[in-house]
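Report on the structure given below.
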Amino acid sequence: MSPARARAAAALRRSGGSAAPPQGRSRKRASPRGGAPAAAPAPPPARHLFSDPAEVEALRGNLLAWYDRCKRDLPWRALAETEPDADRRGYAVWVSEIMLQQTQVATVIDYYNRWMQKWPTLQALAQASLEVVSELAGQMPRTAEDLQKLLPGVGRYTAGAIASISYGQATGVVDGNVIRVLCRLRCIGADSSSPSVIDRLWDMANVLVDRSRPGDFNQALMELGATVCVPKAPLCGECPVKQHCQAWRRVEKELAFASQKLFGKPPPVSDVEDCGVGDCPLCPPATEPWDSSLGVTNFPRKAAKKPPRAMRTATCVLERRGCHGAPEYLIVQRPSSGLLAGLWEFPSLPLAQDLQEEKEREELADHLQAWMGRPVAAKGLQFIGEVTHIFSHIHQTYVVFSLHLDGDVTLDPALSPSRWVTEEEFHASAVSTAMKKVLKAHGKQCRKESSPVKGSKRKRGAKAQGAGSACPGTQLSLHAFLQAPPAP
Ligand code: SF4
């Protein structure tokens with residue numbers, strides 16, 4: 001259990017699972033030896049917390065009443081509300097959450113409906129060639145903790161969403177929309193992407209979530225962020241929780257002061273609360289105080305982005321002739337966490353920044369050799385060129401080589417999963433855009449080399465097996481899966 005979850009759980013236990021933890025009082029940790037308690041960090045000021053149970057109740061009621069009136073009609077919501085089979089309910093919400101992480105609601109609806117038509121249950125999906133867990137025997141775990149532990153690729157947010165929406169577990173969720181709403185509700189101006197602030201937001205979400213309608217409450221909070229408390233021009237006038245919103249209150253007070261000033265009246269004694277003073281861990285930094293011209297959009301804030309880090313990676317397009325004479329390429333799967341988690345790529349090796357090309361070639365040859373269990377001569381690697389790709393935080397340069405294999409190779413099964421694919425299968429697999437660029441550069445180079453020599457042109461992309469007839473275990477892209485099947 002993460003520290004934040006442990007804190008939230010402890011808070012819920014203390015409050016009988018229904019009210020806010022005693023925020024505003026300092027929480028002391030017992031010393032391991034039973035001596036003087038260790039100093040706990042000072043709690044943030046009350047305006048950043050939901051410490052009044054009456055306010056929490058009112059906020060829940062207002063938000064849920066608004067949700068019942070205004071919620072969007074979405075297919076996964078209908079299924080979560082009406083489906084009697086708990087496994088199918090959980091599966092339906094899981095599918096929707098995974099899709100919603102990729103694109104917008106409007107785009108997801110069609111994909112979702114087609115997906116659920118094609119694979120209405122976890123069992124149906126397990127029978128397809130997708131890489132899903134079969135160890136669960138088609139049964140969805142029922143709690144956020146188990147969902148996160150047992151389902152691959154399911155993080156804290158998705159686990160909380162499935163557990164609350166499908167199984168009624170009173171657990172909060174924190175996604176981008178919730179971050180924005182909570183930061184505005186409680187004037188949180190510290191970097192909203194920092195782990196300490198995210199932990200606080202999880203605590204808040206767990207305190208706020210309605211105990212009798214957790215799934216609806218979480219969806220309502222996210223819906224509010226998606227439709228009313230939007231990033232640039234929030235519709236505060238229509239907001240069902242504006243009376244609980246510190247940011248809105250601050251704007252209202254400022255407007256009131258301005259009009260009093262206009263009529264020559266002295267401002268009231270209690271001035272606008274001033275965020276950014278002192279060392280409060282949730283206030284904006286003193287160097288970036290509240291900006292009246294921004295109003296509620298002062299929140300949330302993110303630390304200035306660091307320039308992308310430069311990285312070099314050697315990658316090798318390993319090619320062989322497939323059984324139909326068409327070229328096949330070896331791809332390997334990336335680890336299940338970190339950058340491009342679980343995606344497939346050509347065998348690659350991160351490089352130090354300042355290596356000479358020859359050294360890069362040697363290092364890649366050693367890497368391939370260890371992997372294939374047979375000698376790979378560095379000079380046998382043909383340099384193709386460099387391909388750059390910008391990820392949000394990394395400026396990646398792929399140093400591309402190619403190697404044509406005459407015979408078959410036995411790959412070490414202890415290493416990452418790997419497989420041979422045709423060009424068509426490569427494009428239908430879960431590969432990154434960067435790898436598509438690498439294959440394009442390789443193809444360009446091959447065409448350049450083969451074009452002047454008559455008769456030596458390699459037949460690239462020759463039709464071998466279609467995406468639908470991929471080898472067992474082939475992971476296809478979402479789009480490829482949902483393409484209409486070829487006419488018989
Ligand atoms: Fe967001 Fe405005 Fe509602 Fe506050 S009042 S939660 S800023 S929409």
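Counting from 1, the numbers follow the sequence of the chain as shown. Every number for a ligand or one of its atoms is a count from 1 in the order of the listing.
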side-chain contact (heavy atoms from CB on, under 4.5 Å) between Arg250 and Val296, worked out: CA-CA 8 Å; Arg250 177 160 187 160; Val296 298; over 6 Å; no
Between Gln353 and Arg312, a side-chain donor and acceptor under 3.5 Å: no
Closest heavy-atom pair and its distance - Thr171, Pro214: N-CB, 4.5 Å
Any residue meeting side chain to side chain donor-acceptor pair (under 3.5 Å) with Lys302, in chain and number order, not counting sequence neighbours: none
Atoms of the protein (N/O/S only) found under 2.8 Å from atom 2 (Fe) of ligand 1: Cys236 SG
cation_pi(Arg142, Tyr167) dist<6.0 Å, angle<=45: yes
Cationic N near anionic O, under 4.0 Å, Asp146 to Lys149: yes
